[in-house]
Structure formats: C-alpha cells, structure tokens
Amino acid sequence: MEKYTKPNFNRCAVITIDTQNDFSLPGAVAEIKGTYAVIPRMKLILDAARASGIPIIHVVRLYMENGSNVDLCRKELIESGVDIVRPGTKGAELVEEIMPADAKAADPRVLLEGGLPLIGPSEWMMYKPRWGAFYQTGLEAFLRIGVRIYQTQPLLNELQQQ
C-alpha cells in the first residue's frame with residue numbers, strides 16, 4: 001500500500017452513524033432499509049476494534065418532541081406526535097447488537113449539549129444536529145486528538161489479512 005493510504009491502527013477510529021433502533025430495526029418507524037442487514041458485519045468490525053483498543057464513536061440523532069431540532073423532511077411527522085429517536089426512548093438507543101458489553105447509558109442532555117460521553121472502554125457517543133456528522137459537532141476536533149478516520153470496510157479487510 002501507499003505510505004499515505006496504508007491504515008495506521010495507532011491513529012484510527014471506527015465511526016458508526018445513525019445505527020439506532022428507530023432507523024435500523026426492521027419495521028421501525030423511520031427504518032432505513034438495508035441497515036439491519038449490515039449489523040452483523042458492523043459487529044465484526046466493532047468487536048475487532050474493541051479487541052485492539054481502537055476508538056469507536058457512535059454518532060446519533062435525537063429529535064426533540066416539539067420538533068425544534070428536526071430536519072424539515074421529518075418535522076411535520078414529529079409535530080404530529082410520531083416519536084422518532086426521541087431522547088430517553090428505546091428507539092433512540094443504539095441497536096443492541098453493536099452496543100459495548102456493560103455499556104453505560106449516555107445522558108441525552110449531555111449529548112444534546114455537545115458532550116461526548118464515554119459508553120464503554122475507548123467508546124463514545126456523539127449527537128449530530130443535522131445529516132452530516134461533522135456539521136456543528138466536535139467530531140473533527142475529537143478525532144484530531146490522536147485518531148484518524150478510516151472507512152470500516154478497509155479496516156475489516158486489513159484485520160482479516162492479519
């Protein structure tokens with residue numbers, strides 16, 4: 001591999017995005033089709049990262065009941081009373097299969113205020129206010145502390161070759 005593109009497992013992280021029950025489970029209110037089918041592969045990657053001490057950041061959405069922080073495409077639905085990733089609900093939680101063992105619950109207030117609570121060893125959760133994980137979040141600054149982003153598939157490929 002090229003010296004600039006070869007994964008450096010001392011400076012990388014695995015990031016999951018929107019793998020919450022309301023988006024991921026079959027039949028969920030805001031199911032993103034196909035997400036649940038990739039959960040087993042994500043679990044393999046996350047387990048390998050956990051075993052290697054590679055940092056993991058779970059990026060999540062939380063929609064306030066009053067719709068004040070909801071994307072326009074879902075705002076009317078939320079205002080009509082439909083719960084989608086409402087703080088404190090089962091739907092807002094990460095899919096069980098990807099949770100760290102003995103996971104600590106993340107306080108929704110801390111998440112909404114921009115905090116990155118630790119939910120497992122070398123594993124954090126972060127709220128994103130819009131579609132992009134870097135938009136109005138501390139993700140870039142957090143990663144610059146000593147980790148770099150690598151897509152999960154190249155990480156899995158590298159781990160399978162070892």
*List the steps, then state whether side-chain contact (heavy atoms from CB on, under 4.5 Å) holds for W131 with C73.*
CA-CA 11 Å; W131 296 100; C73 64; 3.5 Å; yes
Is a donor on one side and an acceptor on the other found under 3.5 Å between the side chain of [X] and the backbone of [Y]?
X: N69; Y: M64; answer: yes
X: T19; Y: T16; answer: no
X: S24; Y: N21; answer: no
X: E123; Y: I119; answer: no

Looking at every heavy atom in both [X] and [Y], which two are closest together, and how far apart are they?
X: L62; Y: P87; result: CB-CG, 4.0 Å
X: V14; Y: A49; result: CG2-CB, 3.9 Å
X: I17; Y: I15; result: CG1-CG2, 3.9 Å

_Residues which pass salt bridge (Lys or Arg N to Asp or Glu O under 4.0 Å) with K104, listed by chain and number, not counting sequence neighbours_ =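 Salt bridge (Lys or Arg N to Asp or Glu O under 4.0 Å) check on K104 returns nothing, list empty.
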Could you tell me whether the side chain of [Y] reaches within less than 4.5 Å of the side chain of [X], counting heavy atoms only?
X: L139; Y: M126; result: yes
X: E97; Y: P40; result: no
X: R41; Y: K43; result: no
X: V85; Y: V60; result: no
X: T89; Y: R86; result: yes
X: I56; Y: W124; result: no

_Whether D22 and K90 form a salt bridge (side-chain N of Lys/Arg under 4.0 Å from carboxylate O of Asp/Glu) is what I want to check._
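D22 and K90: not salt-bridged.
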_Where at least one partner belongs to residues 109-122, residue pairs that pass salt bridge (charged side-chain N to carboxylate O under 4.0 Å, His left out), sequence neighbours excluded_ =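 Residue pairs with at least one partner in residues 109-122: D107-R109.
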*Pairs in or reaching into residues 62-71: which pass salt bridge (charged side-chain N to carboxylate O under 4.0 Å, His left out), with residues at least two apart or in two chains?*
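Listed by first then second residue: R61-D71, D71-R130.
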*Among pairs that include at least one residue of residues 19-62, which meet ring-ring contact (aromatic ring centres under 6.0 Å, His included), considering only residues two or more places apart or in two chains?*
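Listed by first then second residue: nothing to list.
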*Considering only Ile, Leu, Val, Met, Phe, Trp and Tyr, and joining two whenever side-chain heavy atoms are under 4.5 Å apart, list the other residues clustered with V110.*
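Members other than V110 - counting any ILVMFWY side chain reachable under 4.5 Å - there are none.
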*Using the test side chain to side chain donor-acceptor pair (under 3.5 Å), find all partners of D102 that sit at least two apart in sequence or belong to another chain.*
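Testing D102 for side chain to side chain donor-acceptor pair (under 3.5 Å), a comparison that skips the adjacent residues, returns none.
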*Around K75, counting heavy atoms of other residues, nucleotides and ligands shown, do more than 12 lie under 6.0 Å from its NZ?*
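Yes, NZ of K75 has more than 12 neighbouring heavy atoms, counting only those of other groups under 6.0 Å.
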